[in-house]
2 protein chains.
Amino acid sequence: MNIKILAEQLNLSISTVSRALRDSYEISEPTKARVRAMAKQLNYRINPYASSLRRHRSKTIAVLIPEITNNFFSQVINGIEYIAQEKNYHILIYITHEDVRKEIEFAHHLHNGRVDGVLMSVSAETNNYDHLNELMESGVPIVFFDRICESIETSSIITDDFESGFAATEHLFQCGCRRIGFFGLFEHLSISRKRYEGYLAALKKYGINKDDDLIVRSGNDIAANEAAITKVLTSANKPDGAFASIEKMAIASYNVCKRLDIDIPSQLKLISFSNLEISTLLNPSLTTITQPAYEIGKQAAMQLFRYLEKKLYMNRHEKIVLKSSLIPRQSTKKTHSA
Amino acid sequence: MNIKILAEQLNLSISTVSRALRDSYEISEPTKARVRAMAKQLNYRINPYASSLRRHRSKTIAVLIPEITNNFFSQVINGIEYIAQEKNYHILIYITHEDVRKEIEFAHHLHNGRVDGVLMSVSAETNNYDHLNELMESGVPIVFFDRICESIETSSIITDDFESGFAATEHLFQCGCRRIGFFGLFEHLSISRKRYEGYLAALKKYGINKDDDLIVRSGNDIAANEAAITKVLTSANKPDGAFASIEKMAIASYNVCKRLDIDIPSQLKLISFSNLEISTLLNPSLTTITQPAYEIGKQAAMQLFRYLEKKLYMNRHEKIVLKSSLIPRQSTKKTHSA
DNA sequence: TAAAAGTTCGCAAACGTTTTCGCAAATAAA
DNA sequence: TTTATTTGCGAAAACGTTTGCGAACTTTTA
C-alpha cells in the first residue's frame, strides 16, 4: 500500500495525491476530498521514512536523560510528551545512566538526521562538551533542562537553584540549625554548583563559617553515599541540619539515620530537592524543594519547537528560569533541643 | 555528506562502499579497511531514513505505556532500554495516560512501518482490542507485559498475579485480619482480575465470605479514589486489613488513614503491589508485593527480538511468567488487638 | 589446457515520498 | 479580441541507501 496505488485507484497522478494529502493550495477542494476519502477507505498511511528522507525532517526529537527511575525525569518526560503530541512529533528516548561515554555515543549517533532536535540533561560525569558542540554545529538544535551546559550557546530551562539553595539553608537556620551540612552532587554539574553557592551565601548571611567536614559529595554508588553520610553523622562535630541537593542523598540520609537511630528532626533536620509524590508519607515527612518538573518539560519542548519552526534562531543564549517551591514538612520541624 | 561523496573520495563505487560498511563477504578485507578509515575520517554517518526506506526495517521499537511517573513502568523501560541498546535499536515512547482513544491513535500511527515491533501494557480503559489486532495483522509484532491482552495471539510477560493476590491475602490473614478489603483496578484489566481471583481464593481457603462492601474499584481520579476508600474505612463493618492491587491505592489509603487518624497496622493492615524504592521509609513502612520490573522489561524486549530475528514465529501464544516477591514490613505487623 | 568455481567489484533499479518545473485550461485584465 | 494571470494538475528528478545481476579477473579442478 503506497501512494502509487492510491493514485492509480483515483486516476490521479502521484504528485496530485501527495499534494492533496498535504493539503496543498494547488489542489482543488473536491479533489482533496476524493483523495482523503480514498486514503481512508484503503487505509493508506504515509511512509514516514520515505517522507523524512525526502524532506530532511524526521518529526522526531530525542530526549537524553541520565536516569528514568526518578520522578523528576519522568515528570519532565510527561511534559515533553504533552507538547510533542500537540505538534505530532515522536519521542526517542536515550538513557545515559550518568555515563559520559554513552552520552557521547548517543550524541554521535544523532548526527545523521534521525532527529530534528534534542532535549537533554547532561550526565553527572560530563565535563567536556565537544560532542554536544559538534551536534549543534551539525545543525541539530539542543535545548537543555535542569542540568545544563553553560558553555554551549543555546536555550536552557532551569530553576532558581541559587535561590533555592539559599532558601533551603535559611530554612534550616530558622528552624534552629547552626551546623548545616551540604549533601550534594559532583562539583562540575551546573545545578549542583548553583545550589552550593546558595548554601554558602546563606551561611555567610547568618555568620556561619563553612565547614568542609559537613560537605558530602555523592557518586552513583548508593553504598558509598551512605558510608560517606554515616561518617559525617557519626563524627564529633556532626551537623544538626542537612541540605540534600539531590533526592538520592535524602533517601540515603533517611536510611543512615534509621540505622544509626538518629531522630529526624530532633537530632538532624533534613531538607532536600525532591519530586517524590509521597514525601508527605515518609517517616517523618520530608521538607522538600520541589521543582516544577512537568512545566520544565513543557517549556523545554516549546523552546525546541521555536527553533524547529524558525521562530527562534540558534546560538541565542536564552535561559528560562522557573521557580521551585519550598514545602516545609516534619523533617525540619523546630524542636526544643536540650 | 553521504555515501556518494565517500565513494568518490575512495575511487570506489557506491555499492562497494555500502557493502564494505555493512561488512559484506563480497568485499575484500583491505578494501573494507580503507572504507572504514575514510568513513571515520570524513565523519560519515549513514542516513537512517534512507536505509530504513530501502530495507523496510527501522531498527526502532515502540513502547506504549499507560503512565510514566510510576516506578514500575520506568523500571520496565530501563530493562527494555538495556536490551535495545545491545541490539542497536532505538526506542520510541508513547504514553496513553490510560486513555483508549490515545492508544488507538498510537496503534494506527504505527501501521506505517515506523517501528519494527511494539512493547506495550494496555490502558486500563481498553476493552476492545481491534486496533491491536489490526496492528499485528499488518505485520508489526506486539509483545505485552504486565497488562496483557489475552485475546491476541502473541507473547506476553507477566507475573504470577493469582499467586501474589493469594499470598497477599493469606499474609493479611496470618497477621490476624478477618475482614480483608480489596482495593483494585478496573475489572477488565487482566492483572486486576488475576489478583482479585487470588484474593477470592485465599478468602475461600480460610473460610471467609466475600463482602462486596470491602471492595473498592479505583479510577484515575485520586480524589474519587480517596473518597471511596474513606467510605469503606468509616463504614460500620470496616475492614481490618486491605490488599491494594495497585500502588496508587496504597498511597491513597495512607493519605486517608492519616486524615482519619486510623493507625496502620494496629487498626488497618495494608499490603500493596508496589515498586516504590522507598516503601521502607514510609510511615509505617509498607509491606509490598514487588514485581521484577526491570527483568520484565528485559524479557519483553528479548521476546520481541526473537520475533524480529525470526527465531520465533508470530501467532505463537506464549506466556512468560516471572515471580513477584512479598516483602513484609511494618504495615502488616501483627498487633495485639484489644 | 579448458572448464568450473571463487573473488571482488560496478551498474542500475529499486524503496515511497516531495517538489520543481511545466503545461494546459480557465479566468481576469487590457 | 488579445494578452496576462490564475488554477489545477502531471512528469520526472531528487532524497541516500541496498541489492540483484553481471563483468572481469584469479584460482582450482578435471
Residues A:Glu81, A:Gln85; criterion side chain to side chain donor-acceptor pair (under 3.5 Å); working and verdict | CA-CA 6 Å; A:Glu81 191 253 6; A:Gln85 264 196 49; 2.4 Å; yes
Starting at [atom1] of [X] and ending at [atom2] of [N], how long is that distance when rounded to a whole Å?
X: B:Arg114; N: C:dC15; atom1: CZ; atom2: C1'; value: 17 Å
X: B:Glu8; N: D:dG16; atom1: CD; atom2: P; value: 12 Å
X: B:His56; N: D:dT17; atom1: NE2; atom2: P; value: 17 Å
X: A:Lys4; N: D:dG10; atom1: NZ; atom2: P; value: 15 Å
X: A:Asn2; N: C:dC15; atom1: CG; atom2: C1'; value: 9 Å
X: B:Met1; N: D:dC15; atom1: CE; atom2: P; value: 14 Å
X: B:Tyr49; N: D:dT18; atom1: OH; atom2: C1'; value: 18 Å
X: B:Lys59; N: D:dT17; atom1: NZ; atom2: P; value: 16 Å

Please determine if A:Lys102 forms a cation-pi arrangement with A:Tyr94, meaning its NZ or CZ atom is less than 6.0 Å from the six-membered ring centre and no more than 45° off the ring axis.
->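 The answer is no; the distance or angle limit is not met.
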Side-chain-base donor-acceptor pair under 3.5 Å for A:Arg54 and C:dT18 | yes
Residue-level proximity of residues 13-21 of chain B to DNA chain C when a heavy atom falls under 4.0 Å = B:Ser13, B:Ser15, B:Thr16, B:Arg19
Residues from residues 39-48 of chain A lying under 4.0 Å of DNA chain C - heavy atoms |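 Residues of residues 39-48 of chain A that come under 4.0 Å of DNA chain C are, in numerical order, A:Tyr44, A:Arg45, A:Ile46, A:Asn47.
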Degree of bending, the helix from C:dT1-D:dA30 to C:dA30-D:dT1 (end axes from five pairs; round to 10°) =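 End-to-end axis angle for the helix from C:dT1-D:dA30 to C:dA30-D:dT1: 40°, rounded to 10°.
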Mind listing the residues from residues 22-35 of chain B sitting with a heavy atom below 4.0 Å of DNA chain D? Number order is fine.
-> B:Arg22
Could you tell me which residues satisfy side chain to side chain contact (heavy atoms under 4.5 Å, CB included) with A:Ala20, sequence neighbours excluded, listed by chain and number?
->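 Side chain to side chain contact (heavy atoms under 4.5 Å, CB included) check on A:Ala20 returns A:Ile27, A:Lys32, A:Val35.
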When you check the phosphate oxygens OP1 and OP2 of C:dT19, does a side-chain N or O of A:Arg55 lie under 4.0 Å from one of them?
-> yes
Tabulate protein N/O versus nucleotide N/O from nucleotides 4-6 of chain C, keeping only pairs under 3.5 Å, one per line.
none

For the pair A:Thr69 (side chain) and B:Gln75 (backbone), establish whether a donor and an acceptor sit closer than 3.5 Å, ignoring hydrogens and angles.
-> no
Pair B:Glu98 + B:Arg147: basic N to acidic O under 4.0 Å | yes
Report yes if some heavy atom in the side chain of B:His108 is under 4.5 Å from a heavy atom in the side chain of B:Glu134; otherwise report no.
-> yes
